[in-house]
Amino acid sequence: MSPVLVAETDTGVVELGPALSIFDPVYIGTDEFGQPVKLPLIYRNLLIGGEPGAGKSGLLNGGVAHAALSLDCKLCLFDGKQVELGQWRDCAEVFVGPNLGDALSVLKRLQIMMDRRYTYLLACQRRKITPHDAFLPYVVAIDEIAYFSATIGKKLDREEFASLLRDLVARGRAVGIIVIAATQRPSSDIIPTSLRDLFAWRFAGRCTTNSSSDIVLGQGWAQLGWSANTISPTNPGAGLLIAENGSPQLVKVAYLDDATCAAIAKYAATLRRTVRERVEDRQPVAA
Ligand SMILES: Nc1ncnc2c1ncn2[C@@H]1O[C@H](COP(=O)(O)OP(=O)(O)OP(=O)(O)O)[C@@H](O)[C@H]1O
Ligand SMILES: [Mg+2]
């Protein structure tokens, strides 16, 4: 029988339920036939684009919620606005607000970790991490790439941010670094084709033009009738999802309101803290 985890809360001792795994597909919403849409995120990255109010942060929060409840992964959160991902900060290893210096230092640390993991895998004659490895996958969630890569700070620093991010997206997959990044500005200066194509999953919420939609989904889809410009501005969370080598599909993202996010985040933080304390204390858990 698997051990039961208990935690002390304000209202007494409660039994903690089962957790999720980052190696499981992540539920993001329903397709146009009402069927659930699940994305395997391990060994992959997700790009989310769309105009302001399209529902990008909603999708990002759904992914982060799954990651927070997955005790087999760690979180790094970047949020210039602070309030979009702020509720998850107690679940994260690091939370970067509107500070480009902090963002650069976290990305550099992730890059060093990535290189060391590859050195380890090479020494073990392996090509990717598995659920049995001692080191855990990282979900790196960024709400508004353009804020860090094109808005604040000095030009040189912004360029360094863009190149570090590109490196993580390009090389991080096999060592369990999953980047989920949103952008309000699906323009070629923010998402050059070479960067876009590194994201296995791409979601285009409503876009103002066919060309912005193509920047997220890939060149030529608008001409074939798949443009996120056709999505109603009164339907936030609806968008076109495409996987590498696949065709777009219409998805309505499941929305977690503030109270639900807060409740999940509190539960996930308790779960994580309890497990960490158990490991640190080396105390046996209640049977
Ligand atoms: N999946 C959804 N279902 C229903 N309503 C949603 C959904 N996603 C978002 N909304 C509504 O749309 C509003 C804007 O969503 P959200 O903040 O996710 O947009 P955004 O694309 O991140 O905007 P911005 O670019 O300004 O950050 C939300 O406050 C919510 O009311
Ligand atoms: Mg947002």
Side-chain angles (χ1 to χ4, degrees), residues 25-39 41 45-68 75-89 92 95-98 103 139-152 165 179-187 189-191 196 199 201-209 211-217 227-242 248-265:
V26 177
Y27 174 80
I28 63 151
T30 49
D31 68 13
E32 55 191 312
F33 306 104
Q35 296 301 310
V37 179
K38 294 182 179 175
L39 306 187
L41 279 184
N45 302 295
L46 167 64
L47 175 68
I48 306 167
E51 68 177 32
K56 302 178 295 295
S57 301
L59 174 53
L60 194 58
N61 266 287
V64 170
H66 182 107
L75 285 106
C76 286
L77 307 177
F78 295 70
D79 179 7
K81 269 201 236 169
Q82 301 187 72
V83 294
E84 298 291 1
L85 297 175
Q87 287 183 311
W88 306 102
R89 64 194 182 286
F95 180 82
V96 177
V139 168
V140 179
I142 305 175
D143 201 343
E144 197 49 61
I145 303 175
Y147 178 75
F148 296 102
S149 71
T151 310
I152 53 162
L165 177 63
V179 177
I180 311 178
T183 183
Q184 225 175 35
R185 281 168 49 190
S187 51
D189 55 328
I190 308 297
I191 312 290
R196 179 207 51 219
F199 285 86
W201 291 108
R202 301 183 303 259
F203 177 88
R206 183 182 153 76
C207 290
T208 38
T209 61
S211 71
S212 337
S213 177
D214 268 2
I215 282 168
V216 182
L217 297 176
S227 169
N229 180 235
T230 58
I231 289 161
S232 163
T234 57
N235 191 6
L240 296 172
L241 174 74
I242 191 169
Q249 79 179 121
L250 188 60
V251 175
K252 174 77 175 183
V253 172
Y255 185 64
L256 301 171
D257 62 20
D258 285 353
T260 311
C261 271
I264 299 173

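Quick note: numbers below take in every heavy atom, side chains included, and nothing from hydrogens, waters or symmetry partners. None of these values were measured; they are calculated from a predicted model. Both counts, for ligands and for their atoms, begin at 1 and track the order of listing.
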Peer 1: Determine whether a donor-acceptor pair (N or O, by modelled atom type, separation under 3.5 Å) exists between the side chain of N45 and the backbone of V179.
Peer 2: yes
Peer 1: Looking at T208, is its backbone amide N or carbonyl O close enough to the side chain of N229 to form a donor-acceptor pair, meaning the two atoms are under 3.5 Å apart?
Peer 2: yes
Peer 1: Could you tell me which non-hydrogen atom of K252 sits nearest to which non-hydrogen atom of P236, and how far apart they are?
Peer 2: NZ-O, 2.7 Å
Peer 1: Keeping the roles fixed (side chain from T183, backbone from G49), state whether a donor-acceptor pair exists under 3.5 Å.
Peer 2: no
Peer 1: As an exercise, identify every atom of ligand 1 less than 4.0 angstrom from a heavy atom of E51.
Peer 2: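 Near E51, the atoms of ligand 1 are 21 (O).
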Peer 1: Show which atoms of ligand 1 fall inside a sub-4.0 Å distance from at least one heavy-atom site of V253.
Peer 2: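 Contacts of ligand 1 toward V253, numbered from 1: 1 (N), 2 (C).
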Peer 1: Compute the minimum heavy-atom distance from A54 to ligand 1 and say whether it is under 4.0 Å.
Peer 2: yes
Peer 1: Counting only nitrogen or oxygen atoms and a 3.5 angstrom limit, does K56 reach ligand 1?
Peer 2: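 N/O-N/O distance under 3.5 Å: yes.
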Peer 1: With heavy atoms of K252 as the reference, note each atom of ligand 1 found under 4.0 Å away.
Peer 2: 3 (N), 4 (C)
Peer 1: Identify the closest protein heavy atom to atom 27 (O) of ligand 1: which residue and atom is it, and at what distance?
Peer 2: K81 NZ, 3.1 Å
Peer 1: If the cut-off is 2.8 Å, does any N/O/S atom of S57 fall short of it from the Mg ion (ligand 2)?
Peer 2: yes
Peer 1: So between G53, G237, G62, A238, whose heavy atom ends up nearest atom 14 (C) of ligand 1?
Peer 2: G53
Peer 1: Judged by atom type as modelled, is there a donor-acceptor pair below 3.5 Å linking the side chain of R196 to the main-chain atoms of D214?
Peer 2: yes
Peer 1: Heavy atoms only: which of R185, Q184, E84 is nearest to atom 26 (O) of ligand 1?
Peer 2: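 It is Q184 whose heavy atom sits nearest to atom 26 (O) of ligand 1.
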Peer 1: If you take all heavy atoms of G86 and D79, which pair is closest and at what distance?
Peer 2: N-OD2, 4.1 Å
Peer 1: Pick whichever of S57, G55, P236 has a heavy atom sitting closest to atom 15 (O) of ligand 1.
Peer 2: G55
Peer 1: So for ligand 1, is G58 a polar contact partner (N or O within less than 3.5 Å, distance only)?
Peer 2: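 Yes - when backbone and side-chain N and O of G58 are compared with those of ligand 1, one distance drops under 3.5 Å.
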Peer 1: Do N235 side-chain atoms and A238 backbone N/O form a donor-acceptor pair below 3.5 Å?
Peer 2: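 No, the answer is negative, given that no donor and acceptor are paired below the 3.5 Å cut-off.
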Peer 1: Are the side chains of F148 and I142 in contact, using a 4.5 Å heavy-atom criterion?
Peer 2: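 I142 reaches F148 side chain to side chain.
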Peer 1: Looking only at protein heavy atoms, which one is nearest to atom 8 (N) of ligand 1, and how far off is it?
Peer 2: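 The closest heavy atom on the protein side is Y255 CD1, 3.4 Å.
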